[in-house]
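These values consider heavy atoms only, across backbone and side chains, with no hydrogens, waters or symmetry-generated copies. Note that ligands are numbered from 1 as they come in the structure, with each ligand's atoms numbered from 1 the same way.
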Amino acid sequence: MSDVLNYDENCLFCKIIKGDIPSAKVYEDDLCYAFRDINPQAPTHILVVPKAHIQSVAEVNKHNEALVGHIFTVIAKIAADEGLTNGYRVISNCGPDAGQTVPHLHFHILGGKKMREGMV
Ligand code: AMP
Ligand code: ZN
């Protein structure tokens, strides 16, 4: 499907971006890819990932900050397209204490229901 900068052959999301593992695509451009989470935690649960293997928020830096900024523009567009007019949550788990299970930077978009209060 697409090339991944710094493709990691052991990375699930690199394989999804490349099309080697199927996914329910929501959006794609030259820089990022969005697809539905396989285990949704809300009526709308979408993951947005860069088309570059960046491990987590901890690896965001001056060289890739424009890419991350672009992803947030895409997040706003996807949320609008999905009709999340009453709000939504954007989450990025970073590292073991946060419960990150896939070490490729991703942003969860969660919406379509009133979120539980707590944590944030
Ligand atoms: P995190 O725990 O923040 O690293 O989030 C990883 C997310 O990836 C979880 O919400 C999983 O349900 C989701 N996930 C794992 N495998 C797949 C897959 N093959 N397709 C779509 N989502 C997946
Ligand atoms: Zn990756």
Side-chain angles (χ1 to χ4, degrees):
M1 180 189 291
S2 313
D3 284 338
V4 184
L5 206 63
N6 307 325
Y7 180 80
D8 180 335
E9 62 188 15
N10 297 311
C11 173
L12 175 66
F13 288 172
C14 282
K15 289 180 186 161
I16 284 178
I17 295 162
K18 236 183 150 202
D20 291 346
I21 291 177
S23 64
K25 178 167 110 174
V26 172
Y27 174 91
E28 179 176 19
D29 63 27
D30 287 348
L31 299 174
C32 66
Y33 185 79
F35 55 104
R36 297 199 188 273
D37 196 292
I38 205 165
N39 183 24
Q41 306 295 310
T44 300
H45 186 171
I46 293 165
L47 300 172
V48 190
V49 304
K51 284 185 175 177
H53 183 79
I54 297 166
Q55 286 226 344
S56 72
V57 169
E59 284 199 352
V60 175
N61 56 43
K62 284 221 168 299
H63 302 292
N64 56 31
E65 64 187 10
L67 170 58
V68 176
H70 172 71
I71 286 175
F72 272 84
T73 301
V74 168
I75 287 171
K77 175 182 164 33
I78 291 172
D81 290 349
E82 292 283 321
L84 301 178
T85 52
N86 211 40
Y88 54 93
R89 198 166 273 180
V90 180
I91 295 174
S92 189
N93 294 320
C94 178
D97 275 6
Q100 183 179 8
T101 58
V102 182
H104 180 129
L105 178 64
H106 53 281
F107 296 91
H108 299 256
I109 304 173
L110 295 147
K113 71 171 186 184
K114 178 93 176 129
M115 304 288 157
R116 269 186 296 127
E117 290 182 16
M119 287 302 287
V120 288

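Partner of Phe13 under the ring pair (Phe, Tyr, Trp, His ring centres under 6.0 Å) criterion, out of Tyr7, Tyr33, Phe107, Phe35: Phe35 alone.
Looking at atom 21 (C) of ligand 1, its nearest protein heavy atom turns out to be Ile38 N, 3.3 Å. Summary of contacts: the protein heavy atom closest to atom 5 (O) of ligand 1 is His106 NE2, 3.0 Å.
A donor-acceptor pair under 3.5 Å is formed between the side chain of His104 and the backbone N or O of Pro50. Looking only at distances, no side-chain donor or acceptor of Glu59 sits under 3.5 Å from a matching main-chain atom of Asn64.
Using a 4.0 Å cut-off to heavy atoms of Thr101, the atoms of ligand 1 that qualify are 1 (P), 2 (O), 4 (O), 5 (O), 6 (C). Shown in contact with Arg36 at under 4.0 Å from a heavy atom are these atoms of ligand 1, numbered in order with element: 21 (C). The Phe13 neighbourhood of ligand 1 comprises atoms 8 (O), with distances under 4.0 Å to a heavy atom of that residue. Counting the atoms of ligand 1 from 1 in the order shown, those under 4.0 Å from a heavy atom of Phe35 are 21 (C), 22 (N). Which parts of ligand 1 touch Val102 is read off a 4.0 Å heavy-atom cut-off, strictly below it: atoms 4 (O), 6 (C). Near Leu12, the atoms of ligand 1 lying under 4.0 angstrom from a non-hydrogen atom of the residue are 15 (C), 16 (N). Interface atoms of ligand 1 facing Gly99, defined by a heavy-atom separation under 4.0 Å, are 2 (O). Of all atoms in ligand 1, numbered sequentially from 1 with element shown, those under 4.0 Å from a heavy atom of Asn39 are 12 (O).
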Yes or no on side chain to side chain contact (heavy atoms under 4.5 Å, CB included) for His45 and Leu110, after CA distance, side-chain angles and deciding distance? CA-CA 5 Å; His45 186 171; Leu110 295 147; 3.5 Å; yes
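Figure legend: cation-pi geometry between Lys77 and Tyr27 absent, as NZ or CZ is not positioned both under 6.0 Å from the six-membered ring centre and within 45° of its axis.
Take the N/O/S atoms of His53: the one nearest the Zn ion (ligand 2) is ND1. Of all N/O/S atoms in His104, ND1 sits nearest the Zn ion (ligand 2).
Judged by the shortest distance from any of its heavy atoms, Ile16 lies inside the 4.0 Å radius around the atoms of ligand 1. Using a non-hydrogen distance threshold of 4.0 Å, Ser23 does not register as a contact of ligand 1. The closest approach between a heavy atom of His108 and any atom of ligand 1 is below 4.0 Å.
Rounded to the nearest 10 degrees, the angle SG (Cys14) to the Zn ion (ligand 2) to SG (Cys11) equals 110°.
Counting heavy-atom neighbours within 6.0 Å of Asn86 CG, excluding the residue itself, gives a total of 12 or less. Enclosure of atom CG in Asp81 by more than 12 non-hydrogen atoms of other residues, nucleotides or ligands within 6.0 angstrom is indicated.
Comparing Ile46, Asn93, Ile91, Asp37 by heavy-atom distance to atom 12 (O) of ligand 1, the nearest is Asp37.
A 4.5 Å side-chain heavy-atom check between Asp29 and His70 finds at least one atom pair inside the cut-off.
Counting all heavy atoms, side chain and backbone alike, Asp30 lies closest to Lys51 at O-CD, 3.5 Å. Contact detail for Pro103 and His53: the closest heavy-atom pair is O-CE1, 3.2 Å.
Two rings, from His106 and His108, have their centers less than 6.0 Å apart.
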